[in-house]
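What follows is a short report on a single structure.
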Amino acid sequence: MEDMLEDTVLVNLRINGKLHELEIPAHKSLLDLLRDDLNMTGTHMGCMTGHCGACTVSIDGRVAKSCITLAATLGRAKITTIEGLTQDDGELSPVQQAFWDEAGFQCAFCAPGMLMCTTELLDANPDPSDAEIETALAGNLCRCTGYQSLRRAVKAAAKLKQNTREAAE
Amino acid sequence: MYAFDYKKVASLEDAQKVFESADDGTFMAGGMTLIPTLKQRLASPTDVIDLDGIDELRGINVDSHSVTIGAMTCHADVAASSDVKKAIPALAHLASLIGDPQVRNRGTIGGSIANNDPAADYPGALVGLGATVHTTKKTVSADDFFTGMFETALEENELVTKVSFPIPEKAAYQKFPNPASRYAVVGAFVAKTSDGIRVAITGAGPTVFRVPEMEKELTGSFTVDAISDIAVPTHELNSDLHATAEYRAHLIGVMAKRAVADCG
């Protein structure tokens, strides 16, 4: 009965390039929409209250925590999730590749958030300092406490991206 | 989270009308406090009124004597604004220290000050610079806007529209952040303005407050030494698992001195 009374909102979200026309209950988080309705489980559910960052996605080019974002508020937003980082040919993105090469995560529960934030950081700042890396990843908790490996991975990703750019020139 | 009706509005007038007709409505700015609150079932509004579609509430305007920031402007935009960085670098710096990148991309100045969390950063800047808060009903000085813990001069169905900061001669913000949340355990905003020296402390008490004794000493001599012997009484300071009142009192001295030094 309660379900029948639920307020729903129509949105047109472009998620990883694919358009989804969806009727969403007003109180559904973007995280629940991605995981439960669209079976995109790469975005992780951690604390559910915006503290851990495992649910981070990119909304209109800016990182955001999907667990504290109401999907109904997003209108026609463009969303990129961890599934969308992979390149068109199926290869890992330079950031993903560097995290793989450098063992940038242990259990990898935090990986979606770390990868989304690193991707945004390096798009804006190709050669970040240690302090800039810390600032960019500040919203993401790694409970394996693998922060040194993470920093190493971000630096390796910066280098890999630079090499890829130079090779293309 | 309990179910609610979602209303997206395009004007301040609509927002207020929808609020009026709702049983128990709540406004949502960036949602960075509201949504976690709803998820923990600490609130159960019948209607969430989303202010995101009100374009007039967004934007930064800088002229020769003030910086005016629309209520729905997110922290990341203030932190990145070259105009703000040029006019009041301490304000851009403060915005860059709020929460984390994900929060700064969605959290807004209007939401922050309307919520008036005792550990929020923006109240420090508003009181430290002697800002003016513009609402749908009135224009009020920052000194009178923040009235208590999570309490402001806003009445029901009244919305912040913008905040105007007079450009100071110099200003600095120094904060001791909680390492996990990055909320201010203590933050000190010190400014030399045309109306005199202002020292505003956030994070330490139930709401932001000024330290008249420090302001007086700094007026005589704007140096770190001038305030090195001033002790803030502990009886009205917060004491919690993050810091005791005594520790916060100590941090007020340290952060205020750092801010004075930072003013150069």
Side-chain angles (χ1 to χ4, degrees), chain A residues 1-11 24-32 45 47-75 77 113 116-118 120-121 124-125 131-141, chain B residues 1-10 18 22 25-53 72 74-77 79-80 93 95-107 111 177-183:
Chain A
M1 187 67 195
E2 201 178 305
D3 278 354
M4 289 173 64
L5 295 171
E6 235 170 25
D7 187 26
T8 60
V9 179
L10 199 65
V11 296
I24 297 171
H27 64 284
K28 181 168 284 223
S29 70
L30 175 59
L31 174 68
D32 288 345
M45 179 178 89
C47 68
M48 298 287 280
T49 48
H51 293 91
C52 79
C55 67
T56 299
V57 300
S58 171
I59 301 173
D60 290 329
R62 289 177 154 199
V63 286
K65 292 170 182 171
S66 64
C67 82
I68 53 168
T69 302
L70 298 175
T73 65
L74 295 174
M116 296 309 298
C117 288
T118 303
E120 180 167 299
L121 168 69
N125 178 357
E132 287 166 338
I133 293 171
E134 250 168 59
T135 301
L137 299 184
N140 304 80
L141 299 180
Chain B
M1 192 156 23
Y2 298 110
F4 50 78
D5 283 354
Y6 171 74
K7 307 275 168 58
K8 188 154 192 164
V9 291
V18 171
T26 188
F27 293 114
M28 180 167 77
M32 293 295 92
T33 300
L34 179 66
I35 299 171
T37 305
L38 296 177
K39 292 195 84 163
Q40 291 171 89
R41 295 192 165 182
L42 296 172
S44 52
T46 55
D47 297 73
V48 170
I49 304 157
D50 187 356
L51 306 174
D52 189 51
M72 287 295 288
C74 72
H75 311 321
D77 286 352
H93 176 64
S96 80
L97 300 176
I98 300 172
D100 53 53
Q102 294 96 315
V103 167
R104 289 195 290 276
N105 281 340
R106 298 188 76 78
N178 176 298
S181 70
R182 285 173 180 79
Y183 270 109

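Sequence lines set the chain letters: A, B, ... in the order given, protein chains first and strands last, and positions in each chain run from 1.
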My understanding is that only residues two or more places apart in sequence, or in another chain, count here; which of them pass side chain to side chain donor-acceptor pair (under 3.5 Å) with H27(A)? none
Partner set under side chain to side chain donor-acceptor pair (under 3.5 Å) for S181(B), not counting sequence neighbours: none
Identify, with sequence neighbours excluded, every residue that meets ring-ring contact (aromatic ring centres under 6.0 Å, His included) alongside F4(B). none
Has S96(B) got a side-chain atom pairing as donor or acceptor with A79(B)'s backbone, closer than 3.5 angstrom? no
Max heavy-atom pair count under 4.5 Å with chain A, selected residue of V48(B), L97(B), V103(B), D77(B): D77(B)
Quick check for you: among T73(A), V9(A), L121(A), which has the greatest number of heavy-atom pairs under 4.5 Å with chain B? T73(A)
Determine the option with the most heavy-atom pairs under 4.5 angstrom with chain B, choosing from G75(A), A136(A), A26(A). A26(A)
Okay, N105(B) and chain A: the region with an atom under 4.5 Å from a heavy atom over there is both
Within the structure provided, determine whether P101(B) and R104(B) are in side-chain contact (heavy-atom separation under 4.5 Å). yes
Heavy-atom side-chain contact between Q102(B) and I68(A) under 4.5 Å: no
So, for [X] and [Y], which heavy atoms are closest and what is the spacing to 0.1 Å?
X      : Y      : value
I24(A) : A72(A) : CG2-N, 4.2 Å
Y6(B)  : D7(A)  : N-OD2, 2.6 Å
A95(B) : H75(B) : CB-O, 3.7 Å

Quick check on [X] against chain B: is it the side chain, the backbone, both or neither that has a heavy atom closer than 4.5 Å?
X      : result
T49(A) : both
C67(A) : both
S29(A) : side chain
L70(A) : both

I need the contact set between residues 35-47 of chain B and chain A: heavy-atom distance under 4.5 Å, sorted by residue number. I35(B), P36(B), K39(B), Q40(B)
Looking at Y183(B), I'd like to know if its OH atom is crowded, meaning that more than 12 non-hydrogen atoms belonging to other residues, nucleotides or ligands lie closer than 6.0 Å. no
